[in-house]
*Asks:* 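Got a structure for you, questions after.
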Amino acid sequence: MGHDAVIEVDGLAMSYGSKTVLRGVDFRVGRGEVVALLGPNGAGKSTTIEILEGFRAPSGGRVRVLGEDPLRAEEDWRSRIGVVLQSWRDHGRWRVRELLDLFARFYLPYGRRTFDVDELLEMVGLTAQAGARIRTLSGGQRRRLDVAIGIVGRPEMLFLDEPTAGFDPVVRREFHELVHKLTDLEGTTVLLTTHDLSEAERLADRVLILDGGVIAADDSPDELARRVARTSEVRWLQDGVRHVHATEDATAFVRDLLVTHTDGIAELEVTRADLEDTYLAMVHASGATREGGEPR
Amino acid sequence: MSPTASAILRTGVRRGVVEFRNMLQTPSEVIYYVVGIIGLVIALVVLREATLDDSGFPLVRFLLPGLIAMQVLIAACFGPATVLATEREDGTLLRHKSLPHGMRGYLTGLTVRAALETVIALAIVLVPATFLVDGLWERGPIVLLGVPIVLLGLLAFLPLGFVVGSVFHNPRAVGGWGFVSIMIIAIGSGLFFPLAALPTWVQIIVVALPVYWFGHALRSVILPADAAVLEVGEAWFPLISLGVLAVWAAVGLVLAPAMLRRSARRESASAIERRRQAALQRV
């Protein structure tokens, strides 16, 4: 990464009054990376992303996005950033195409190659709704419009805060394809927050787990799972009875099992911990240390 | 003007025009105007024969400049204040904060919308009044001086609306208390009867506010010259009235951007979400 880091965060701290939310967050995001910020409710995911977007002043630490301090950056910097926040309810009277077209115009003075509005509507699957008023859209359509507005200026850096909250599985799948398209075609760097582990697994090159005000883990989804997956679960059916066994060495256990019972074993299944188990294990571990070591 | 500034201006104007058009396409807003017109026509017909007590001056003629002033006050001050408070809560402001020079475009749009609404509001008073009020246009071209006076009024009231909309956070409070305050100021400022009818201490407060002088300036070009006896001091004070409006406009234009910047800076998605939750709990 080195010079190509799009986001640099060092010792980021944030407190509201006496409540400390972030107590020293460090991470880097390289150009073209898709990074998921994961954590329990109230872990400070949204706070972190709002600081990076320049909407909130941190209590301490150093933050650079595209090489600049988000709080002091000029409008030119703003034109290179795309923002999709949680829960919009605005512009209900506007028509879809009209609003997207208006927002595209804000980027023109900066020589940005904005998306063609109709092409973008096609891309997010809202062509049929182009003339509809925004208040008549479904939740999923509304969210896709939010994403379209976030990317209309072809941002170098895109922030997505809980992008698929409230989506049904079909819409969620469509949204994931959209993000893939964006990162593949445009090389956009993406930082997203999510509750949804399968979403992080599907979208992200790297997962940051934020817990107790610090980054508790920073790795690829696979690597994270491998690190925690010391135990595997072996399930099988023996003479019509279901068995489950947890073991640290699944290979040896299965070999033994099959040697001992040459007959009558069916539906053998070995599962290694997935990201969800990893996540729960990590949040649980840091929660335990936190309760012991809460500073004053 | 730099190419960037003129591009933002064009985008903002476009926003204002679309907002205005959207408003005209919203039934509840159109009904508000229709009810206004009906109420005005009824009032003008019912009060046709009435006169101001001592002077024998026709009441409806005296009322007209006041009604125009109140319409401008609502369209240029109360309207934008409510819109600003509402759109801060629903995320419109934050959305613009995420765009390059988005706030400037937003405020340009709000200004354009308020100006267009003022034009409609003026037409709503002037068109029926032309048919129902005798002598409305008897001063001929002098009445046209009302146009620059209304423009100056816009400049004085619009920044006030922006300040009110950014200071008070609850859109329902701005809508409710704001409307009550505007009516009290309009009545207290002698828009509907000569100020001399009110106690002296009220008169002293009122002449420091722009609304009295706005009404005074409009009366000076719409009413006959000898109606000056109905004014405080029994004379027309064109320079003072324009001067007071200009000072308020200047103060507002300095104050409003700073207040707006401050209120926009504190805006964030979690703050909006917090207020949304609070609003849900009130219901």
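Chain letters run A, B, ... following the sequence lines, proteins first, then strands; residues in each count from 1. What you see is a predicted model; the values in this text were computed from it and never measured.
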*Asks:* For A:D116, enumerate each residue passing the side-chain contact (heavy atoms from CB on, under 4.5 Å) test, keeping only those at least two apart in sequence or located in another chain.
*Replies:* A:D118, A:E119
*Asks:* Mind checking side-chain contact (heavy atoms from CB on, under 4.5 Å) for B:F168 and listing every partner two or more places apart, or none if nothing turns up?
*Replies:* B:V164, B:V174
*Asks:* Got B:T82 and B:P171 here, is their nearest side-chain heavy-atom distance under 4.5 Å?
*Replies:* no
*Asks:* With a 4.5 angstrom heavy-atom cut-off, is it the side chain or the backbone of A:Y110 that approaches chain B, or both, or neither?
*Replies:* side chain
*Asks:* Need one label for B:R10: side chain, backbone, both or neither, based on atoms under 4.5 Å from any heavy atom in chain A.
*Replies:* neither
*Asks:* Test the A:R143-A:F175 pair against the cation-pi criterion, namely NZ or CZ under 6.0 angstrom from the six-membered ring centroid and within 45° of the ring axis.
*Replies:* no
*Asks:* Is B:R21 salt-bridged to A:E98, going by a charged N under 4.0 Å from an acidic O?
*Replies:* yes
*Asks:* Which bit of A:I49 comes within less than 4.5 Å of chain B, counting heavy atoms only: side chain, backbone, both or neither?
*Replies:* neither
*Asks:* Which atoms of A:L102 are under 4.5 Å from chain B, going by heavy atoms: the side chain, the backbone, both sets, or neither?
*Replies:* both
*Asks:* Heavy-atom pairs under 4.5 Å with chain A are the metric here; pick the option from B:G105, B:G102, B:A7 that has the most.
*Replies:* B:G102
*Asks:* Charged N to carboxylate O under 4.0 angstrom, B:D90 versus B:R95?
*Replies:* no
*Asks:* Going by heavy atoms in the side chains, are B:V150 and B:L218 under 4.5 Å from each other?
*Replies:* yes
*Asks:* Name, in order of residue number, those residues of residues 58-80 of chain A that have a heavy atom at a distance of less than 4.5 Å from a heavy atom in chain B; otherwise write 'none'.
*Replies:* A:E75, A:R78, A:S79
*Asks:* Using side-chain contact (heavy atoms from CB on, under 4.5 Å) as the criterion, list what pairs up with B:S2, not counting sequence neighbours.
*Replies:* B:T4, B:A5
